[in-house]
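What you see is a predicted model, and the numbers here were worked out from it, not measured in a lab. Numbering starts at 1 and runs along the sequence shown.
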Amino acid sequence: VQLQASGGGLVQPGGSLRLSCAASGLTLDFYAIAWFRQAPGKEREWVSFIRSSDGKPYYADSVKGRFTISRDKAKNTVYLQMNTLKLEDMAVYYCAADGSVHTFSTWYKDKYEYHYWGQGTQVTVSS
């Protein structure tokens, strides 16, 4: 299994970026995908998640209404559209995948529940 994250870059506050997570060795029908981010000196935090069974999206409160997660099963790729970017969104963004059965309903927020990780893509928000 490989996850290839891309699409990061430098953007001004209020700008937009679209991140991509291209997956190989798995299918999105059976693997859930999440985006996490990690700013310098901070813990890796959950940002968004898309459920494998039906593509239902979930968002952290800090990005709700600004970020949109989606998937293209034909391309085996998950996207994170990030709009109205803020300084506090600046971080390395990672995609993660897991196909296991989980026993608690909010497992997707826990970085330790994911078996596979991409390499990360830097998002810099600066004027």
Side-chain angles (χ1 to χ4, degrees):
V1 172
Q2 283 192 327
L3 301 174
Q4 182 72 36
S6 63
L10 172 63
V11 63
Q12 291 185 340
S16 298
L17 281 174
R18 189 178 79 156
L19 305 184
S20 299
C21 177
S24 59
L26 61 82
T27 61
L28 299 182
D29 284 325
F30 301 110
Y31 280 78
I33 304 291
W35 287 96
F36 287 77
R37 66 187 181 186
Q38 187 167 19
K42 294 191 175 181
E43 290 283 322
R44 190 170 298 189
E45 66 171 354
W46 171 70
V47 174
S48 184
F49 167 83
I50 189 161
R51 198 160 65 182
S52 58
S53 57
D54 57 3
K56 182 176 179 179
Y58 296 79
Y59 301 98
D61 288 343
S62 59
V63 307
K64 202 172 292 182
R66 299 188 297 121
F67 290 11
T68 302
I69 191 170
S70 62
R71 65 182 182 179
D72 184 334
K73 290 197 284 184
K75 295 183 178 179
N76 227 32
T77 299
V78 171
Y79 303 98
L80 185 69
Q81 178 66 43
M82 306 187 297
N83 297 330
T84 319
L85 282 160
K86 303 177 180 180
L87 294 175
E88 52 263 42
D89 295 319
M90 185 164 64
V92 178
Y93 282 70
Y94 299 89
C95 56
D98 197 79
S100 308
V101 175
H102 299 270
T103 57
F104 59 103
S105 61
T106 57
W107 69 269
Y108 52 86
K109 298 182 181 181
D110 186 347
K111 57 185 178 288
Y112 298 110
E113 294 290 323
Y114 291 86
H115 279 85
Y116 305 106
W117 288 85
Q119 84 288 3
T121 185
Q122 175 72 49
V123 172
T124 302
V125 183
S126 175
S127 55

- Hey, are the side chains of S48 and Y59 touching, using non-hydrogen atoms and a 4.5 Å cut-off? yes
- Message: Does any part of the side chain of R66, heavy atoms only, come nearer than 4.5 Å to the side chain of M82, both counted from C-beta?
- Response: no
Starting at [atom1] of [X], measure out to [atom2] of [Y] and round the result to the nearest 0.5 Å.
X	Y	atom1	atom2	value
Q81	S20	CD	OG	9.5 Å
L26	H115	CG	NE2	13.0 Å
Q12	L87	CD	CG	11.0 Å
L28	N76	CG	CG	4.5 Å
S53	D29	OG	CG	10.0 Å
K111	Q38	NZ	CD	8.0 Å

Looking only at heavy atoms, what is the nearest atom pair of [X] and [Y], with distance?
X	Y	result
A91	A39	CB-N, 3.8 Å
A32	S52	N-CB, 3.7 Å
S62	R37	OG-NH2, 3.6 Å
G8	V123	CA-CG2, 4.2 Å
M90	T124	SD-CG2, 3.4 Å
C21	I33	SG-CG2, 4.5 Å

Look at the side-chain heavy atoms of Ile, Leu, Val, Met, Phe, Trp and Tyr, link any pair under 4.5 Å apart, and say whether [X] and [Y] land in one connected group.
X	Y	value
V1	F49	no
W35	Y58	no
V47	Y116	yes
V11	F67	yes
F36	V63	no

- Message: Please enumerate all residues that pass ring pair (Phe, Tyr, Trp, His ring centres under 6.0 Å) together with Y79, with sequence neighbours excluded.
- Response: none
Sidechain-backbone polar pair: [X] side chain, [Y] backbone, donor-acceptor under 3.5 Å:
X	Y	value
R51	K56	no
Y114	Y108	yes
Q119	A5	yes

Is it the case that more than 12 heavy atoms not belonging to [X] sit under 6.0 Å from its [atom1] atom?
X	atom1	result
E43	CD	no
Q122	CD	yes
F104	CZ	yes

- Message: Determine whether D110 and W46 satisfy the following criterion, side-chain contact (heavy atoms from CB on, under 4.5 Å), listing intermediate values before the conclusion.
- Response: CA-CA 7 Å; D110 186 347; W46 171 70; over 6 Å; no
- Query: Looking at residues at least two apart in the chain, or sitting in another chain, which of them share a side-chain contact (heavy atoms from CB on, under 4.5 Å) with D61?
  - Reply: K64
- What residues form a side-chain contact (heavy atoms from CB on, under 4.5 Å) with H102, not counting sequence neighbours? D98, S100, W107, E113
- Over 60° means perpendicular and under 30° means parallel, so classify the ring planes of W117 and Y94, tilted if in between. perpendicular
